[in-house]
Amino acid sequence: MGMGRGAGSTALGLFQILPVFLCIFPPVTSPCKILKCNSEFWAATSGSHHLGAEETPEFCTALRAYAHCTRRTARTCRGDLAYHSAVHGIDDLMVQHNCSKDGPTSQPRLRTLPPGDSQERSDSPEICHYEKSFHKHSAAPNYTHCGLFGDPHLRTFTDTFQTCKVQGAWPLIDNNYLNVQVTNTPVLPGSSATATSKLTIIFKSFQECVEQKVYQAEMDELPAAFADGSKNGGDKHGANSLKITEKVSGQHIEIQAKYIGTTIVVRQVGRYLTFAVRMPEEVVNAVEDRDSQGLYLCLRGCPLNQQIDFQTFRLAQAAEGRARRKGPSLLAPPEAFTYESATAKCREKLPVEDLYFQSCVFDLLTTGDVNFMLAAYYAFEDVKMLHSNKDKLHLYERTRALAPGNAAPSEHPWALPALWVALLSLSQCWLGLL
C-alpha cells in the first residue's frame with residue numbers, strides 16, 4: 001500500500017482543524033493555558049462551518065483573539081502538542097478565511113452548537129482499510145507493539161524493555177500519521193518515581209479517510225470521545241476507519257485506526273495512565289526526517305541518561321546485601337512493602353517471573369501503591385492481545401536465555417532478592433540526586 005501523507009494543496013476546512021483546538025482541561029497545576037484558549041474559540045465558532053461571507057469579519061475577529069491568547073501563554077506551553085497544533089491551525093485558518101493579523105480582537109460571542117454528529121458510515125474506500133489493501137501485495141504486513149506503564153516501564157517496537165525516569169513531556173510516537181506524547185509526573189512529592197499523568201494522541205488528516213483528530217486523557221479523566229466530542233474520523237467518506245470505543249467507563253478505551261492498521265489501548269489504573277499500541281512496521285518507520293527519530297521513545301527507547309539499568313545497579317549494590325533495605329527511607333509510601341510481601345503480591349497476578357513481574361515488584365517497593373501491580377498486569381494483558389508474535393510475549397533480562405514456548409529461563413546468575421534490595425536502595429539514592 002502506498003502510504004502517502006495525503007496532504008493536498010487545498011486548505012483544510014474548519015472542522016478538519018478545530019479538533020486540534022479543543023482538548024479537555026488540564027490539572028490545575030499545569031501552567032499551560034492553551035486549552036482555555038481552545039475552548040473559548042471553539043465555543044465562539046463551533047457553528048462557523050455554516051457561516052456566510054458576510055460573517056467572515058466576525059470570524060476573523062475571533063481568530064485574532066485566539067491567536068492573541070496563544071501568544072500570552074506561549075512561554076509556559078513549550079513542548080505541548082496541543083499548543084503547537086493550535087498555533088499551526090490558526091495560521092491555516094487565517095489563510096483560508098483571508099483574515100488579516102491586524103485588527104480588532106474583542107472577545108468572541110458564544111454560538112449554539114449545530115445539532116447532530118456524523119458517527120456512522122457503512123461504506124469506505126479500500127484505501128481506508130490497511131489490511132484489505134495488502135491483498136495486492138506478496139506478503140502480509142508485519143505488526144509491532146509498544147507499551148508504557150507503571151513507573152514508567154517501556155516496551156519498544158523492537159521488544160526492548162526499559163525502565164526510565166523521563167519526567168515531564170516526552171514523545172512516544174512521531175510519524176507521518178500520528179503523534180503520541182506522554183507527560184510523567186512524580187508519584188509522591190519529592191519522589192524519583194514517576195508515572196504517566198497525561199496522554200495526547202494526534203491523528204493527522206489522511207486522504208479521503210479521516211480528518212485530523214485529537215485524543216487527550218489525564219488523571220481521573222479518560223474520555224470516550226475525541227476532543228471535539230466525536231467518536232470517529234469526521235465527515236470524510238472513510239470516517240469510520242478511525243473509531244474510539246469505551247470498554248470500561250473511565251478505565252479502558254480502545255481506538256481503531258484501520259486506515260493505518262493500528263490499534264491503541266489506553267487505560268487508567270488507579271490515578272495513572274497506561275498506553276499500548278499495535279502498529280505495522282511500515283507505519284512505524286514512516287517519517288520524513290529519520291534523524292528526528294532519536295526522540296521517538298517507542299522506536300529508539302529512552303535516552304541513556306534517562307534509563308535505569310537493572311543489571312548495572314544490581315552489580316553495584318548487591319554486595320551491600322539486605323541491610324540496605326532496612327535503612328531510613330526518604331519516602332512515605334501509602335503502604336510499605338518488603339521484598340517478600342511485594343513478590344507475593346505481584347505473584348497473585350503475574351505468576352511468571354519475567355520483566356513485567358520484576359517491574360511490578362520494583363514499583364511496589366518504590367511507591368507502595370498496589371495499583372502499580374494492576375498496571376503491570378493489564379500491560380501484559382494488552383501485550384497478549386496486541387503482540388503479533390506469541391512466542392515473544394514474556395521478556396526476560398538480557399543475561400538470560402529465553403526458553404522455548406515462553407517457559408521461564410532455567411539460568412539464574414543472580415538471585416532476584418538481591419536485585420530488588422539494590423533497586424529499593426537506589427530509589428532512595430535518586431532522591432538526593434534530583
Side-chain angles (χ1 to χ4, degrees), residues 23-30 80-81 146-155 161-173 180-201 215-224 246-255 264-277 297-298 302 306 308 331-335 337 342 345-346 349-350 355-383 386 423 427 430-431 434:
C23 298
I24 60 174
F25 284 93
V28 294
T29 57
S30 173
D80 189 287
L81 281 178
C146 177
L148 186 77
F149 68 97
D151 178 17
H153 309 285
L154 172 70
R155 181 171 181 158
F161 195 96
Q162 299 173 342
T163 296
C164 309
K165 304 173 188 176
V166 291
Q167 182 172 332
W170 290 82
L172 276 182
I173 299 174
V180 181
Q181 178 174 287
V182 293
T183 300
N184 303 310
T185 55
V187 175
L188 296 169
S191 170
S192 61
T194 63
T196 302
S197 58
K198 182 177 179 180
L199 172 74
T200 302
I201 307 172
Y215 179 80
Q216 190 165 24
E218 301 184 7
M219 290 192 301
D220 302 320
E221 187 66 43
L222 188 71
E246 185 176 63
K247 298 294 186 178
V248 180
S249 178
Q251 299 180 33
H252 180 191
I253 66 100
E254 183 176 301
I255 302 175
I264 294 175
V265 175
V266 182
R267 299 177 186 266
Q268 176 165 311
V269 185
R271 297 186 64 215
Y272 298 101
L273 305 173
T274 69
F275 171 86
V277 62
L297 298 188
C298 273
C302 300
Q306 294 292 320
I308 301 169
L331 300 179
E335 177 181 353
F337 280 92
K345 192 67 177 177
C346 291
K349 290 288 189 180
L350 298 161
L355 285 172
Y356 289 89
F357 173 86
Q358 294 188 34
S359 299
C360 172
V361 175
F362 176 63
D363 288 355
L364 291 187
L365 290 174
T366 55
T367 70
D369 186 348
V370 72
N371 286 305
F372 281 84
M373 174 197 69
L374 296 176
Y377 167 75
Y378 285 123
F380 187 68
E381 289 299 298
D382 292 337
V383 170
L386 299 174
L423 288 174
S427 69
W430 287 337
L431 293 176
L434 294 180

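Every value quoted in this text rests on a predicted model; they were computed, and no experiment measured them.
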For [X], all residues meeting side-chain hydrogen bond (donor to acceptor under 3.5 Å, both in side chains), sequence neighbours excluded:
X: Thr183; result: none
X: Tyr215; result: none
X: Gln181; result: none

Can you tell me if [X] uses its side chain to pair, donor with acceptor, with the backbone of [Y] under 3.5 Å?
X: Glu246; Y: Ala224; value: no
X: Glu221; Y: Pro223; value: no
X: Asp151; Y: Asp363; value: no
X: Gln268; Y: Met219; value: no

Looking only at non-hydrogen atoms, find the nearest pair between [X] and [Y] and report the distance.
X: Thr274; Y: Ala375; answer: CG2-CB, 4.2 Å
X: Val166; Y: Cys302; answer: CG1-SG, 4.0 Å
X: Cys146; Y: Leu154; answer: SG-CD1, 3.9 Å
X: Phe372; Y: Thr367; answer: CD1-OG1, 3.5 Å
X: Leu222; Y: His252; answer: CD2-N, 3.3 Å

Point-to-point distance, once rounded to the nearest 0.5 Å, from [atom1] of [X] to [atom2] of [Y]:
X: Met373; Y: Leu350; atom1: CE; atom2: CG; result: 8.0 Å
X: Tyr272; Y: Asp220; atom1: OH; atom2: CG; result: 9.5 Å
X: Arg155; Y: Ser359; atom1: CZ; atom2: OG; result: 11.0 Å
X: Asn184; Y: Cys164; atom1: CG; atom2: SG; result: 9.0 Å
X: Leu355; Y: Gln162; atom1: CG; atom2: CD; result: 11.0 Å

Q | Verdict with reasoning, Leu172 to Phe275, per side chain to side chain contact (heavy atoms under 4.5 Å, CB included) | A | CA-CA 10 Å; Leu172 276 182; Phe275 171 86; 3.6 Å; yes
Does any non-hydrogen side-chain atom of [Y] lie less than 4.5 Å from one of [X]?
X: Ser197; Y: Glu218; value: no
X: Ile253; Y: Lys247; value: no
X: Pro152; Y: Thr194; value: yes

Q | Step-by-step side chain to side chain donor-acceptor pair (under 3.5 Å) determination, Gln216 to Thr200 | A | CA-CA 4 Å; Gln216 190 165 24; Thr200 302; 3.1 Å; yes
Q. Taking only residues two or more places apart in sequence or in another chain, which ones pass side chain to side chain contact (heavy atoms under 4.5 Å, CB included) with Ala342?
A. Phe337, Val361, Leu364, Leu365
Q: For residues 370-383, pull every pair meeting side-chain hydrogen bond (donor to acceptor under 3.5 Å, both in side chains), keeping only residues two or more places apart or in separate chains.
A: Arg267-Asp382, Asp369-Asn371, Glu381-Lys384
Q.
For a side chain to side chain contact (heavy atoms under 4.5 Å, CB included) check, start with the C-alpha distance between Trp170 and Gln306, then their side-chain angles and the critical distance, and finish with the verdict.
A. CA-CA 11 Å; Trp170 290 82; Gln306 294 292 320; 3.8 Å; yes
(Q) List the residues meeting ring pair (Phe, Tyr, Trp, His ring centres under 6.0 Å) with Tyr356, not counting sequence neighbours, and say none if there are none. (A)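 Tyr356 satisfies ring pair (Phe, Tyr, Trp, His ring centres under 6.0 Å) with Phe149, Phe161, Phe380 once adjacent residues are dropped.
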Q: Applying side chain to side chain contact (heavy atoms under 4.5 Å, CB included), run through Val277 and Leu386 and close with a yes or a no.
A: CA-CA 7 Å; Val277 62; Leu386 299 174; 5.8 Å; no
